[in-house]
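After the structure tokens below, expect a handful of questions from me.
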Amino acid sequence: MLSASAPTAAAVSPATSSPLPALTPQTLAPSPLMWRRLPARRLASALLSSFPVTSAAAPRAPPLKRRLLPPPRFPSLQQEPRSFASSAAAEVVSLEEAEELHHALENFQVQPNQNQPPPPVEEQQASGRDHRSRHRRNRRGQQAQVAAAEHGMTYHKYASLRRRQIRVETEAWEQAAKEYRELLADMCEQKLAPNLPYIKSLFLGWFEPLRDQIAAEQELVADRGSRASHGPYFNMLPADMMAVITMHKLMGLLMTGSGDGSVRVIQAACQIGEAIEHEVRIHRFLEKTRKKSNKEKENEEEICDSDISKEQQRLRKKVTDLMKKQKLRQVRKIVKNQDDSRPWGQDAHAKVGSRLIELFIETAHIQPAASQSSDGLPDIRPAFRHEMRTVPKEQQKLSRRYGVIKCDPLVRQGLDRTAKHMVILYMPMLIPPICWSGYDKGAHLFLPSYVMRTHGARQQREAVKRAPKEQLQSVFEALNTLGSTKWRVNKRVLSIIDRIWSSGGRLADLVDRADVPLPQKPDTEDETLLKKWRWHMRSVKKENSERHSQRCDIELKLAVARKMKDEEGFYYPHNLDFRGRAYPMHPYLNHLGSDLCRGVLEFAEGRPLGKSGLHWLKIHLANLYAGGVDKLSYDGRIAFAENHLEEIFDSADRPLEGKRWWLGAEDPFQCLAVCMNLAEALRSSSPETTISHIPVHQDGSCNGLQHYAALGRDKLGAIAVNLVAGEKPADVYSGIATRVVEIMRRDSQKDPSTDPDAAHARLILDQVDRKLVKQTVMTSVYGVTYVGAREQIKRRLKERGVIADDAELFGASCYAAKVTLTALGEMFQAARSIMNWLGDCAKVIACENEPVKWTTPLGLPVVQPYRKLGRHLIKTSLQVLTLQRETDKVMVKRQRTAFPPNFVHSLDGSHMMMTAVACKRQGLNFAGVHDSYWTHACDVDTMNKILREKFVELYDTPILENLLESFEKSFPKLKFPPLPERGDFDMKDVLESPYFFN
């Protein structure tokens with residue numbers, strides 16, 4: 001029994017003295033294998049080629065020049081896949097394969113024996129085929145050697161990392177199941193519970209009863225009389241693997257959910273079902289291609305010529321007869337039964353996932369620690385429960401009900417300490433990602449990878465699939481460039497984060513690990529005081545829920561950082577959203593993340609600073625410290641760094657014991673990393689030769705407005721957003737803040753009794769600064785609404801804590817949002833006219849029930865996905881679920897309002913990808929975060945030149961004219977509004993603007 005000092009997972013299902021054996025794949029009915037969805041074609045050869053095992057029985061020539069392992073290549077669908085062991089797929093190959101690998105590794109030059117008679121014709125033909133096969137393998141091997149050399153690796157190191165990457169992608173769930181089986185076996189042998197972390201002890205207690213229940217369900221649905229809708233999919237994986245996937249997926253969703261310890265049934269069921277399907281395909285592949293014993297092979301050969309061929313003939317005859325009788329329904333049924341490798345679909349995912357969740361709820365229990373229980377029977381209760389919730393629909397009579405899975409508070413307490421024990425599939429890669437060459441061809445070796453995140457939008461998916469490969473070549477090259485950047489963990493910064501986190505957080509923007517105490521209910525009947533208490537209680541509960549979510553998020557990031565910290569380097573495969581913006585496929589620790597992520601990550605390759613690099617490292621420090629320093633001229637920022645050398649050295653030497661100057665930075669962990677690198681350089685006898693791994697950022701100045709100014713050739717807008725050279729950077733946010741203050745000062749002089757704005761203006765006039773309005777200004781060009789602006793400003797005011805009353809805070813936020821949007825409209829009229837024109841064009845198209853479509857400057861087809869969703873009900877064992885599906889009806893208003901920001905996003909994505917490719921060709925390391933471009937300090941000057949040239953190149957093309965022409969070509973009968981008037985700004989001025997990106 002588990003230790004009584006902590007809550008334990010209680011199993012109330014019948015226990016066994018030892019774990020029941022899991023269903024093995026051999027006991028399951030074999031089924032044909034096809035590879036329509038997964039990019040498995042790369043894996044077969046990858047698993048074969050990664051292990052240069054040679055046959056002892058094969059004749060050996062003297063060792064000659066080493067050859068290369070062939071790149072992944074999958075056998076054709078008509079051929080049997082080559083074989084390797086299922087339980088250790090990346091470890092064992094058969095003798096025949098070993099001989100083939102030997103030929104791929106060594107180039108035999110065997111001289112013929114003059115006394116030996118010539119071989120028969122059949123052997124000569126076979127020899128010719130072998131020679132051609134070896135030639136192809138050697139050619140592929142040479143290509144692989146080039147790929148390894150491009151990334152600065154020896155081939156054998158590349159092959160070793162590739163083997164590990166294959167295991168990471170194919171054996172994650174199997175290894176987790178194996179660990180639980182071994183722990184259970186140890187418990188049975190030693191008759192005591194292992195000393196496990198809290199959440200892992202829960203997993204272990206839940207694993208055996210869930211596995212046994214799944215095994216029993218598999219036997220039940222295997223019965224021919226079973227009509228369970230999930231039955232056809234339930235026997236495709238061993239029960240222990242299904243149990244592990246269910247536990248980990250559900251707990252992962254609870255961790256990343258709303259923070260109240262619940263997750264919607266539809267979300268959980270579909271994700272669990274999809275994970276099961278992915279693992280089924282991997283599992284089948286490994287099982288079908290496992291190494292067979294000689295006896296098994298002999299039996300297969302005997303059966304192949306008799307039973308299988310007879311069965312195929314029988315089926316063929318039956319199908320032919322049914323087709324003659326035009327009984328197509330029966331024909332389709334037979335074909336469907338023979339081809340079960342097609343995608344399962346959302347319905348099947350929901351049904352399988354719902355049944356697994358139901359079994360999990362039935363078998364997972366929890367027991368409080370002994371000190372919390374009474375002297376009577378132990379308090380064993382379900383760890384999870386299924387409940388229905390109601391969301392009232394505004395302005396509608398009917399309310400909407402939906403199901404959730406809610407975990408027990410004792411389980412929820414451990415969620416923010418669960419991350420290190422979770423299976424995370426899409427980890428950063430140990431080798432460079434596979435180059436993109438198609439919609440589902442690229443990135444990971446075996447995990448499903450798609451070049452675009454379409455989120456089920458069929459038209460967008462089909463548009464990318466239909467686009468010619470040549471048209472998408474620039475997009476593929478850019479994604480390959482971003483994915484080829486090698487990263488590593490900054491161990492010094494990670495150790496500081498670990499120290500702060502283990503001490504309770506609260507520093508450097510890390511959330512407090514403790515909850516806010518709930519307020520005591522006042523002992524009064526005064527309704528005013530009770531109302532305030534209820535409001536305060538809701539506020540505290542919301543705050544604790546948000547803290548819980550943030551703690552889970554930090555734990556996931558730190559779990560990945562700790563796993564990767566000892567790696568020499570790793571890579572982030574990238575893909576796109578539907579607008580053409582690039583994102584890393586790994587969701588937790590990446591450079592698009594928070595200051596914590598960016599502080600922990602650095603380039604794996606180090607480069608000497610040089611004179612310009614030292615200069616840019618000081619500027620970068622000032623930018624990260626911010627607080628107005630980042631708005632000074634470059635000379636002013638360098639002076640800031642040089643005036644704080646004592647604080648920089650102290651921060652580097654004693655981050656937590658010293659003055660903690662770095663904690664005052666806007667991005668503290670990144671600032672700390674730069675302090676350490678800068679201190680090392682300045683203490684060196686030759687600062688310019690100091691090696692730096694720090695990515696130095698160059699950020700656009702309100703990049704959305706920069707694109708609008710370029711589109712409209714707007715001179716005033718160009719000056720406001722630094723498209724034109726100036727002595728110091730223009731600050732559009734400060735300009736808007738100044739205008740907001742002017743409006744509020746005028747309103748504050750009015751009579752509060754007649755004008756409520758007067759009271760609000762007086763309340764927050766002193767709080768208006770660039771930080772208050774920055775987010776609203778930044779998102780205004782991306783279609784921020786009044787409600788969105790109100791929430792942004794409300795968050796800023798709440799952070800400052802100057803308005804304690806929630807009602808007053810809400811009123812002040814409403815007023816500030818209204819004034820900020822008014823000031824924006826006054827200052828950027830040209831941008832507003834282009835936004836209106838884009839919206840009007842979208843409305844013309846959407847009113848014809850057509851989505852807005854366009855092609856980005858890099859050739860990526862974009863289709864706006866906003867369609868009305870229909871409801872599709874499916875009955876599962878847990879509840880009736882409502883699945884949403886696209887209908888043929890577009891959402892006119894959404895198509896119109898979303899088009900301007902989406903179009904600008906597609907332009908900033910194009911600019912970033914053009915810059916990435918050009919930097920790669922110049923030998924630079926490059927990383928991009930939308931409108932923030934990163935490279936080594938010594939290469940910033942080169943990158944700055946490139947990004948300006950690419951911006952001018954982008955806008956040398958008539959973008960709006962091309963867009964209008966494409967609309968008129970697609971809809972010749974529709975009348976579109978004329979292009980808006982544009983100014984006379986000369987785009988070549990951007991080349992001379994030092995603060996365009998800075």
Side-chain angles (χ1 to χ4, degrees), residues 152 485-486 488 490 492 598-599 601-626 629-653 661-662 665 667 670-699 722 725-729 915-916 918-928 932-950 990-998:
T485 299
K486 192 175 184 180
R488 73 176 190 182
N490 186 325
R492 290 181 67 188
R598 296 181 181 193
L601 291 173
E602 61 183 8
F603 290 135
E605 179 189 348
R607 295 192 176 185
L609 280 172
K611 187 173 182 181
S612 70
L614 190 62
H615 166 96
W616 281 111
L617 201 60
K618 293 175 182 177
I619 293 173
H620 186 48
L621 178 76
N623 291 341
L624 294 169
Y625 199 85
V629 179
D630 52 328
K631 301 307 165 193
L632 300 174
S633 66
Y634 286 141
D635 290 340
R637 289 179 238 182
I638 292 171
F640 170 82
E642 291 175 347
N643 291 337
H644 290 85
L645 290 182
E646 182 183 341
E647 290 88 347
I648 290 169
F649 290 140
D650 179 73
S651 296
D653 297 340
W661 175 79
W662 61 278
D667 296 305
Q670 293 174 83
C671 180
L672 177 60
V674 175
C675 285
M676 291 173 174
N677 193 199
L678 195 56
E680 179 188 358
L682 295 175
R683 285 168 170 164
S684 168
S685 58
S686 176
E688 289 84 3
T689 62
T690 302
I691 300 299
S692 176
H693 296 262
I694 299 292
V696 174
H697 313 169
Q698 295 290 283
D699 298 350
N722 293 306
E727 292 184 4
K728 65 177 185 177
T915 303
C919 285
K920 177 76 171 180
R921 291 172 181 171
Q922 291 282 332
L924 276 62
N925 273 308
F926 179 88
S932 179
Y933 301 170
W934 303 7
T935 193
H936 283 94
C938 59
D939 295 325
V940 171
D941 287 330
T942 305
M943 184 182 74
N944 268 331
K945 182 173 181 292
I946 291 171
L947 71 87
R948 284 160 175 77
E949 290 172 349
K950 291 302 169 183
V990 173
L991 299 174
E992 307 302 325
S993 173
Y995 300 111
F996 166 55
F997 270 59
N998 72 95

Distance (rounded to the nearest 0.5 Å) between T935 OG1 and W616 CH2: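 Those atoms lie 12.0 Å apart.
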Among E605, H936, E602, R607, which residue meets the side-chain contact (heavy atoms from CB on, under 4.5 Å) test with H693?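 The residue from E605, H936, E602, R607 that satisfies side-chain contact (heavy atoms from CB on, under 4.5 Å) with H693 turns out to be E602.
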Heavy-atom distance under 4.5 Å between the side chains of I638 and I619, does that happen here?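 Yes, their side chains come closer than 4.5 Å.
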Test your reading of the model: is there a side-chain donor-acceptor pair from S651 to the backbone of E647, 3.5 Å cut-off?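 Looks like yes, one N/O pair under 3.5 Å.
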Answer with yes or no whether the side chains of W934 and N925 bring together a donor and an acceptor at under 3.5 Å.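 No, no side-chain donor-acceptor contact under 3.5 Å.
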Minimal non-hydrogen separation, A918 against I946, with atom names: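 The answer is CB-CG2, 3.5 Å.
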Does some side-chain heavy atom of D650 sit less than 4.5 Å from a side-chain heavy atom of E646?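 No; the side chains remain at least 4.5 Å from each other.
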Report the C-alpha separation of Y933 and C919 in whole Å, then their side-chain angles, then the decisive distance to 0.1 Å, and conclude whether the side-chain contact (heavy atoms from CB on, under 4.5 Å) test is met. CA-CA 11 Å; Y933 301 170; C919 285; over 6 Å; no
Sub-4.5 Å side-chain heavy-atom contact between P687 and L609: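 Side chain of P687 against side chain of L609, heavy atoms only: no contact under 4.5 Å found.
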Identify the heavy atoms of M943 and Q698 that sit nearest to each other, and give their distance.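 Scanning both residues completely, I find the closest heavy atoms to be CE-CG, 3.6 Å.
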Within-4.5 Å side-chain heavy-atom neighbours: F996 and L947: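 The answer is yes; the side chains approach within 4.5 Å.
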Donor-acceptor contact below 3.5 Å, side chain R637 vs main chain A622: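 Checking the backbone N and O of A622 against the side chain of R637, no donor-acceptor pair under 3.5 Å is found.
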Does a side chain donor of either R598 or N490 reach within less than 3.5 Å of an acceptor in the other side chain?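 Side chains of R598 and N490: no pair found under 3.5 Å.
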Do the side chain of S993 and the main chain of N722 share a donor and acceptor less than 3.5 angstrom apart?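 Yes.
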Heavy-atom check, side chain of F649 versus side chain of W661, under 4.5 Å: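 They are not in contact (no side-chain heavy atoms under 4.5 Å apart), so the answer is no.
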Can you find a side-chain donor-acceptor pair between S692 and N677 that sits under 3.5 Å?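 Note: S692 and N677 side chains meet the donor-acceptor criterion.
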Atom pair CG (D667) and NE2 (H620), whose distance is rounded to the nearest 0.5 Å: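 Reported value, rounded in 0.5 Å steps: 8.5 Å.
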Please name the pair of heavy atoms, one in Q670 and one in G599, separated by the smallest distance, quoted to 0.1 Å.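 For Q670 versus G599, the nearest heavy atoms are CG-N, 3.7 Å.
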Just so I know, are the side chains of F603 and T485 near enough to count as touching, which here means a heavy-atom distance under 4.5 Å?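 Contact flag for F603/T485 side chains = yes.
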K728/D635 ion pair, N-O < 4.0 Å: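 Looking at D635 together with K728, the answer is no, because their closest N to O distance does not fall below 4.0 Å.
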Is there side-chain contact between L621 and C671, with heavy atoms separated by less than 4.5 Å?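 In short, these two side chains touch, coming nearer than 4.5 Å.
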Under 3.5 Å: donor-acceptor pair, side chain of N944, backbone of D941: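 It does not hold such a pair.
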So which atom in A681 and which in L614 form the shortest heavy-atom distance, rounded to 0.1 Å?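 Closest approach of A681 to L614, heavy atoms only: CB-CD1, 4.2 Å.
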Find the distance between CG (L678) and CD1 (I648) and round it off to the nearest 0.5 Å.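 Taking CG in L678 and CD1 in I648, the distance rounds to 5.0 Å.
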Nearest heavy atoms of L617 and V674, plus distance in Å: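 What the structure gives for the nearest pair is O-CG1, 3.8 Å.
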How many angstroms lie between atom CD of E688 and atom NZ of K611, to the nearest 0.5 angstrom?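 Those atoms lie 8.0 Å apart.
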State, with a plain yes or no, whether a side-chain heavy atom of S612 is found less than 4.5 Å away from one of V940.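 No, too far: nothing below the 4.5 Å cut-off.
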Going by atom types alone, do S932 and D699 pair a side-chain donor with an acceptor below 3.5 Å?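 There is such a pair between these side chains.
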Backbone of P994 reached by a side-chain donor or acceptor of R948 within 3.5 Å: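 Indeed, once roles are kept as given, a pair shorter than 3.5 Å links the two residues.
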On the 0 to 90° scale, with breaks at 30° and 60°, tag the Y625-H644 ring pair as parallel, tilted or perpendicular.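 Judged by the thresholds at 30° and 60°, the geometry between Y625 and H644 is parallel.
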Value rounded to 0.5 Å, distance of CG in L624 from CD1 in I694: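 CD1 of I694 is found 9.0 Å from CG of L624.
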How close do C675 and A652 get, counting heavy atoms only, and between which atoms?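 Taking C675 first and A652 second, the nearest heavy atoms are O-CB, 3.8 Å.
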